[in-house]
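Contents: one structure, followed by commentary.
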Amino acid sequence: MKKMMAVASIAATLIGTQAKCDDRFPFVVSYGGADNATSVAHLIDAPAGKHGFVRVEGGEFVTDAGPIRFNGTNLTGPANFPEHDVADRLAARFARLGVNCVRLHFMDTWYKNFMDTRRQCILDDDSKTQRNLSPAQLDKLDYLIAAFKKRGIYVNMNLHVGRTLDARDGVPKGSPWANKTVGQFYPRCVELQKEYARDLLTHVNKYTGNAYTDEPAVAMIEISNEDRGLVVTRRHMGIKKLAKPFQDELERQWNEWLKKKYPANEVKYANGKAPLLNKFPKASARFRKDFDDFLWDNELAYWKGMRDYIRETLKAKSPVSGTQAAHYSPREIQAQLDYVDAHAYFHHPSGKGRGWIVKNSTNEWVAGGESLVHGLSTLTNLETKSHAPAKPFTVSEYSHPYPSPFTGEGQPLACAYGRTMGWDGVFQYSYNHFPEAFEPEGMPWCIFDALATPSVWVHSPVCAAMMVRGDLRSDRDRKLGEFIWNRDRPGKEYVAVNTKNSKLFVGYADGREITLGDVSLKVGATETGAATISLVSRNATGFGAEGAASILVAASGIAANTGAKIERVSEKLVRLPERGHAPVCAEGIPCEITLPAPPARVKCWALAGDGSRMKEIAPEAVGYGRRARIRLSPACRTLWYEVVVE
């Protein structure tokens with residue numbers, strides 16, 4: 001009964017205040033902005049590739065300067081092709097926020113998800129073939145990558161994502177969308193994937209002077225996004241669903257595999273050949289094992305063959321991954337490439353007719369409505385099912401998708417847990433899909449796009465400090481005590497990070513004072529009962545105990561468009577019946593922060609979205625005058641604060 005009352009209370013809060021900005025305030029992290037207290041661009045070594053190519057050594061990514069890790073995001077589909085002036089501003093914003101790698105995703109087809117009409121990406125506008133790249137679109141992509149490189153931002157190049165080859169280019173009817181699965185064994189598909197890789201990666205970027213095979217700003221290359229291989233397809237009984245031309249080709253390869261394994265006439269089947277397993281339900285145990293071994297070998301041969309083509313034939317110097325481990329391909333197969341990648345969403349949107357992805361759909365859909373701190377399952381599953389510790393590991397898509405009231409906790413939690421487990425990169429999904437809308441004042445229609453979500457970006461600096469600067473150390477056995485998961489009060493859990501130069505709190509304080517080394521926090525009442533608080537010592541000088549410090553504080557809760565409505569449909573799920581409109585409005589977080597320096601040495605300002613100083617906040621003396629307490633308040637109408645310790 002108490003749990004039901006709590007859920008009802010949260011629902012009333014979300015619906016009652018989401019529709020207006022009265023109890024919140026407009027706040028967007030500026031798309032411009034000076035090099036002020038909100039910038040951590042100095043944590044990124046520019047230009048990207050300054051210290052040579054990213055490579056794999058000792059199970060991690062390194063350059064000539066040592067280990068390198070990535071606090072990343074994604075551009076999706078048409079957003080990879082902005083105008084030049086937009087690309088420059090975007091690169092500057094990413095650098096200020098500590099984003100040092102951008103995944104260039106879903107470029108290989110005309111894009112329609114979340115769109116009114118199909119939008120051009122990298123393919124030429126040619127109805128007769130899907131094999132030609134557009135020179136005009138390539139120019140935009142080239143300039144974008146050059147702008148990123150100048151600011152110290154690497155790129156993750158995706159090759160195959162959404163292009164569905166068909167009869168125009170010699171692929172039979174009946175292929176799954178994007179030729180998934182069949183593209184791994186059907187010869188014509190593989191041939192044209194190699195052609196696309198060659199045309200893109202050997203193309204010379206006129207703004208950098210390098211082909212992408214020889215571009216040190218390319219941190220990594222991904223062969224095929226979310227491409228379920230034969231091994232996983234067999235588990236899902238998917239082989240029997242393949243169209244006849246593809247089943248026939250797979251059967252031919254199966255029989256060739258048997259001929260190589262066994263002497264002539266040792267294995268006999270009807271008509272002198274072995275059918276696929278789905279055509280032979282009474283197969284022996286030996287047959288089943290052989291078939292499973294064949295699928296494994298076939299899938300592995302594809303991934304290694306594509307990797308070898310990219311690295312050895314095309315001479316690309318960047319590390320190469322296949323597809324996402326566990327859900328799409330066995331980790332043991334993916335670990336035989338240069339690095340391992342995975343995707344994860346805490347409550348991915350779902351619903352009849354994919355109402356979350358089809359614009360103007362009337363089908364209802366739901367998304368997550370709970371905090372991950374209760375269980376951390378999404379992150380622990382990545383560690384136990386996808387991470388192969390002997391290889392670098394990235395999570396190239398991660399999100400707590402809007403309209404979750406806890407969207408802002410996603411990237412900080414993933415970076416904190418991931419860095420503790422020795423991960424090498426976490427990429428928020430997604431920054432943007434729409435090339436004409438890179439600087440909105442409200443959240444866009446696509447619920448994945450976080451470019452205007454302030455609760456995400458105010459914490460990007462601490463993500464950069466933990467991952468890129470390495471404030472948080474790898475500690476798989478958790479002996480160092482820097483990563484804390486407190487479960488003392490069921491339903492009121494929290495995660496915290498305590499390092500010399502980074503502090504993080506995510507979850508439910510529930511009236512407790514949270515002590516993180518020489519800094520303490522006391523969070524007041526919030527709309528959900530939870531909050532995300534981060535502190536970064538920008539110049540790695542601590543928080544005032546040992547001398548001067550420049551500190552960025554961020555505190556966030558719910559953020560949503562004006563007029564948006566979030567309705568709770570269960571304890572774990574919410575829906576968004578009205579998306580609302582600009583401006584995006586944010587919840588202010590009441591919090592007391594106590595620092596290890598006397599008030600006379602401490603100054604604090606509430607900051608505007610561009611990082612400029614607004615109201616000065618006078619610190620209070622506590623601890624016999626030896627410590628300064630700063631009271632953050634919703635009345636300050638901001639999500640971040642500058643603290644200077646002299």
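Index from 1, following the sequence. No experiment lies behind these values; they were computed from the predicted model shown.
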Evaluate side-chain contact (heavy atoms from CB on, under 4.5 Å) for Phe438 paired with Leu90, printing each intermediate quantity in order. CA-CA 8 Å; Phe438 265 99; Leu90 179 63; 3.6 Å; yes
Could you go through Ser430 and His105, starting from their C-alpha distance and side-chain angles, then the distance that decides it, and tell me whether this counts as side-chain hydrogen bond (donor to acceptor under 3.5 Å, both in side chains)? CA-CA 10 Å; Ser430 172; His105 177 56; over 6 Å; no
Step by step, would you call Asp64 with Arg55 a salt bridge (charged side-chain N to carboxylate O under 4.0 Å, His left out)? CA-CA 9 Å; Asp64 293 345; Arg55 59 186 185 273; 2.9 Å; yes
Would you mind reporting whether [Y] and [X] have side-chain heavy atoms less than 4.5 Å apart?
{"X": "Cys636", "Y": "Tyr641", "result": "yes"}
{"X": "Met443", "Y": "Thr453", "result": "yes"}
{"X": "Pro389", "Y": "Arg476", "result": "yes"}
{"X": "Lys615", "Y": "Arg637", "result": "no"}
{"X": "Asn100", "Y": "Met467", "result": "no"}
{"X": "Phe70", "Y": "Phe61", "result": "yes"}
{"X": "Asn210", "Y": "Pro216", "result": "yes"}
{"X": "Leu552", "Y": "Leu607", "result": "yes"}

Give me the atom names and distance for the closest heavy-atom approach of [X] to [Y].
{"X": "Ala450", "Y": "Gln428", "answer": "CB-NE2, 3.2 Å"}
{"X": "Leu144", "Y": "Pro82", "answer": "CD1-CG, 3.9 Å"}
{"X": "Ala606", "Y": "Ile617", "answer": "N-CD1, 4.3 Å"}
{"X": "Leu451", "Y": "Ala437", "answer": "CD1-O, 3.5 Å"}
{"X": "Arg601", "Y": "Gly544", "answer": "NH2-O, 3.1 Å"}
{"X": "Ala146", "Y": "Asn205", "answer": "N-ND2, 4.4 Å"}

Nearest-0.5 Å distance, [atom1] of residue [X] to [atom2] of residue [Y]:
{"X": "Leu472", "Y": "Cys415", "atom1": "CG", "atom2": "SG", "result": "10.0 Å"}
{"X": "His433", "Y": "Asn80", "atom1": "NE2", "atom2": "CG", "result": "10.0 Å"}
{"X": "Glu83", "Y": "Arg89", "atom1": "CD", "atom2": "CZ", "result": "14.0 Å"}
{"X": "Thr532", "Y": "Ile589", "atom1": "OG1", "atom2": "CD1", "result": "8.0 Å"}
{"X": "Ile447", "Y": "Thr407", "atom1": "CD1", "atom2": "OG1", "result": "9.0 Å"}
{"X": "Glu493", "Y": "His374", "atom1": "CD", "atom2": "NE2", "result": "6.0 Å"}

Check against side-chain hydrogen bond (donor to acceptor under 3.5 Å, both in side chains), Asn539 and Thr541: CA-CA 6 Å; Asn539 299 316; Thr541 57; 5.7 Å; no
[Y] versus [X], side-chain donor and acceptor atoms under 3.5 Å:
{"X": "Gln411", "Y": "Tyr398", "value": "no"}
{"X": "His400", "Y": "Glu409", "value": "yes"}
{"X": "Tyr508", "Y": "Asn486", "value": "no"}
{"X": "Thr394", "Y": "Asp341", "value": "yes"}
{"X": "Asn74", "Y": "Thr76", "value": "no"}
{"X": "Glu370", "Y": "His347", "value": "yes"}
{"X": "Tyr429", "Y": "Ser399", "value": "no"}
{"X": "Thr38", "Y": "Asn36", "value": "yes"}

Are the charged groups of Asp214 and Lys317 less than 4.0 angstrom apart, N to O? yes
[Y] backbone acceptor or donor facing [X] side chain under 3.5 Å:
{"X": "Arg489", "Y": "Asp510", "answer": "yes"}
{"X": "Ser318", "Y": "Val218", "answer": "yes"}
{"X": "Arg538", "Y": "Ser39", "answer": "yes"}
{"X": "Thr562", "Y": "Pro583", "answer": "yes"}
{"X": "Asp338", "Y": "Ser321", "answer": "no"}
{"X": "Asp477", "Y": "Lys479", "answer": "no"}
{"X": "Arg626", "Y": "Pro596", "answer": "no"}
{"X": "Glu527", "Y": "Glu587", "answer": "no"}
{"X": "Arg69", "Y": "Val426", "answer": "no"}
{"X": "Arg96", "Y": "Ala41", "answer": "no"}

Does CD in Glu546 sit with more than 12 non-hydrogen atoms of other residues, nucleotides or ligands closer than 6.0 Å?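 Open: at most 12 neighbouring heavy atoms sit under 6.0 Å from CD of Glu546.
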Using the ring of each side chain (for Trp, its six-membered ring), is [X] parallel, tilted or perpendicular to [Y], with breaks at 30° and 60°?
{"X": "His84", "Y": "Tyr143", "answer": "parallel"}
{"X": "Tyr417", "Y": "Trp423", "answer": "perpendicular"}
{"X": "Tyr494", "Y": "Phe505", "answer": "tilted"}

Partner of Lys503 by side-chain contact (heavy atoms from CB on, under 4.5 Å), out of Ile533, Leu516, Val462, Asp471: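 Among Ile533, Leu516, Val462, Asp471, the one that satisfies the side-chain contact (heavy atoms from CB on, under 4.5 Å) with Lys503 is Leu516.
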Which of these, Val40, Val29, Thr73, Asn71, sits in a side-chain contact (heavy atoms from CB on, under 4.5 Å) with Ser460?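 Going through Val40, Val29, Thr73, Asn71 one by one, the side-chain contact (heavy atoms from CB on, under 4.5 Å) with Ser460 is satisfied by Asn71 alone.
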Let's go through Val643 and Leu535 carefully: what are the C-alpha distance in whole Å and the side-chain angles of both, what is the deciding distance for side-chain contact (heavy atoms from CB on, under 4.5 Å) to 0.1 Å, and is it a yes or a no? CA-CA 10 Å; Val643 177; Leu535 295 86; over 6 Å; no
If you apply the rule side-chain contact (heavy atoms from CB on, under 4.5 Å), what do you find for Met614 with Glu642, and how did you get there? CA-CA 10 Å; Met614 298 191 300; Glu642 177 185 2; over 6 Å; no
Assess the pair Trp457 and Tyr431: is the distance between their ring centroids shorter than 6.0 Å?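 Ring centres of Tyr431 and Trp457 closer than 6.0 Å.
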Kindly state whether the ring of Phe393 and the ring of His387 have centres lying under 6.0 angstrom apart. yes
Between Trp605 and Val644, is the side-chain contact (heavy atoms from CB on, under 4.5 Å) condition met? List the steps. CA-CA 9 Å; Trp605 294 267; Val644 174; 3.8 Å; yes
